[in-house]
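Worksheet for the structure shown next.
Counting convention: from 1, in listed order, for ligands and their atoms alike.
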Amino acid sequence: MNKSNDVSLSSLRTRHPKVYIKTFGCQMNKADSRRLEEIFISKGYKTADMVWDADVVVFNTCSVREHAENKALSNIGSLKVLKDKNPAVRICVVGCMAQRMQKEIRTSLPHVDFVVGPSKMFELPILIERNEKGIHPDTEETVKVFYEYLPDIIDNKREYSGYVPIMKGCGNFCSYCIVPYVRGREQYRPKEEVLAECAVLAKTGINEIMLLGQTVNSHPDFKSILRETAAIKGIKRVRFVTSYPGKVDRELVDIVRDTPALCNYFHIPVQSGSDDVLKRMNRDYTTDYFMDIAMYIRKQIPAAAISSDFIAGFPGETDRDFEKTLDIVKKVRFDQSFTFKYSPRPMTRAYEWEDDVPLEVKKERLARLNEACSDAAQERNALLVGKKVEILSEGGNSGRTGEYKIVFWEGDPAEPGAEVEVDIKKALPHSLTGRRA
Ligand code: 5AD
Ligand code: SF4
């Protein structure tokens with residue numbers, strides 16, 4: 001691939017066209033969007049702050065719940081106005097929904113020019129370029145960018161936090177989950193490549209690394225990647241999301257406890273507190289296993305944050321099953337929780353089953369779950385009141401603790417990536433406030 005500034009998009013407005021990327025969904029999507037932006041920049045593009053200002057508009061979409069798809073679809077629908085005003089604008093839908101709904105998008109949203117799934121997303125700038133030159137997209141060999149080591153591209157940008165995917169896809173086939181169908185089975189990045197990328201990020205001034213994967217801890221070299229990333233000079237914080245509960249073991253907790261640069265933060269989605277439901281979800285751990293590991297974390301690293309995801313109203317979930325989910329929240333006292341109503345997803349196993357929990361019941365369970373999660377989070381956050389904590393600034397007057405808690409402070413603002421000490425005054429369920437020390 002020629003990485004020079006070789007954009008020659010005849011019908012686009014300038015020699016340096018502008019790209020605008022909007023991201024829906026998970027951190028993996030954010031990481032993909034960032035990387036896609038770097039690739040556009042390496043091809044001579046500039047970024048647009050507003051959609052109206054862009055020559056190329058990209059929506060990176062999510063399919064994990066129907067609600068996420070509907071939101072993206074309505075946003076994409078509203079881009080028709082933009083296309084009517086400026087037919088030269090290129091509208092692109094990429095990511096999971098582009099994969100799942102390729103045909104529907106092409107037929108029902110004709111103002112969309114490109115529909116590209118996750119596996120080919122990084123080829124988008126090339127596809128656009130070929131299209132502008134009138135070359136059929138399939139005539140030349142396409143370029144695989146995901147596994148390519150991209151130091152020159154990464155060098156273009158200075159940020160304080162770097163997302164580093166260590167795997168893509170997932171082969172777990174939880175019965176409710178569409179990910180294996182839209183992102184494919186899991187593929188692991190070689191450890192050397194991951195470490196090389198982290199080292200380049202560190203050199204460009206990035207001091208926080210977020211290692212990403214749908215089941216990040218199933219990477220065969222996960223523990224050594226953690227240790228070695230944490231040892232890179234200049235890297236102050238390393239996080240990893242998302243951990244599959246069945247593969248979080250005591251040794252992993254010990255490594256986090258004993259390695260200062262590894263953040264005391266575990267995102268372990270339990271999904272349900274009922275073993276019957278977990279079994280039908282095809283999650284291969286029990287609530288006993290989960291409780292054991294959560295209690296081990298609490299004992300070994302009392303300050304560590306444990307966060308989780310929950311699904312309310314999975315097919316066949318009884319009141320008793322749901323009470324068990326509330327029990328687990330009450331026992332673990334999660335620092336942060338992401339709660340969802342079950343949403344049937346085409347292609348998945350559970351899609352074949354009756355979605356038998358009525359919407360009203362789902363809503364009521366979700367409300368009760370949210371209340372319990374909020375109480376727990378508030379209680380955990382309250383433990384920090386009166387303490388001085390170290391924050392990595394996100395720019396301005398906010399940043400995050402090592403436990404990934406958001407803190408807003410009074411006093412002088414700080415540049416992104418700067419370390420700031422804050423005296424915590426007040427705890428809320430989703431954030432903390434204080435004064436810069
Ligand atoms: N319905 C509701 N929530 C879902 N999630 C994944 N699939 C579904 C679904 N079909 C939730 C899970 C997962 C998080 C990313 O999204 O809790 O951990
Ligand atoms: Fe989906 Fe389960 Fe894989 Fe997570 S582990 S991405 S929930 S299939």
Output yes when [X] and [Y] qualify as a salt bridge under the 4.0 Å nitrogen-oxygen rule, no when they do not.
X    : Y    : result
E69  : R100 : yes
K236 : E208 : no
E186 : K168 : no
D55  : R90  : no
R333 : D375 : no

Exercise. So Y265 and Y404, would you call those rings parallel, tilted or perpendicular, with 30° and 60° as cut-offs?
Worked result: tilted

Exercise. Once the angle between the rings of W353 and F314 is folded into 0 to 90°, is it parallel (under 30°), tilted (30 to 60°) or perpendicular (over 60°)?
Worked result: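 Because their plane-to-plane angle is over 60°, the rings of W353 and F314 count as perpendicular.
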
Exercise. Checking side-chain contact (heavy atoms from CB on, under 4.5 Å) for the pair R349/N282: CA distance, chi angles, key distance, verdict?
Worked result: CA-CA 10 Å; R349 195 132 47 96; N282 196 31; 3.6 Å; yes

Exercise. What is the closest protein heavy atom to atom 4 (Fe) of ligand 2, and at what distance does it sit?
Worked result: R283 NH1, 4.2 Å

Exercise. Tell me: protein heavy atom nearest atom 7 (S) of ligand 2, and distance?
Worked result: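 Nearest neighbour among protein heavy atoms for atom 7 (S) of ligand 2, to 0.1 Å: Y176 OH, 3.3 Å.
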
Problem set entry | Check: H267 ring centre within less than 6.0 Å of F338 ring centre |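 Ring centres of F338 and H267 closer than 6.0 Å.
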
Name each N or O atom in ligand 1 that is under 3.5 Å from a protein N or O, and give the partner atom and the distance.
from: ligand 1; atom 1: 1 (N); to: S343; atom 2: N; distance (Å): 3.0
from: ligand 1; atom 1: 10 (N); to: Y176; atom 2: O; distance (Å): 3.0
from: ligand 1; atom 1: 10 (N); to: S343; atom 2: O; distance (Å): 2.7
from: ligand 1; atom 1: 16 (O); to: R65; atom 2: NH1; distance (Å): 2.8
from: ligand 1; atom 1: 17 (O); to: Q271; atom 2: OE1; distance (Å): 2.7
from: ligand 1; atom 1: 18 (O); to: Q271; atom 2: NE2; distance (Å): 2.9
from: ligand 1; atom 1: 18 (O); to: D309; atom 2: OD2; distance (Å): 2.6

Exercise. Which heavy atom of L384 sits nearest a heavy atom of I424, and at what distance?
Worked result: O-CB, 3.3 Å

Problem set entry | Closer than 2.8 Å to atom 3 (Fe) of ligand 2 - protein N, O or S atoms, ordered by chain and residue number |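 Listed by chain and number, the nearby protein N, O or S atoms are C170 SG.
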
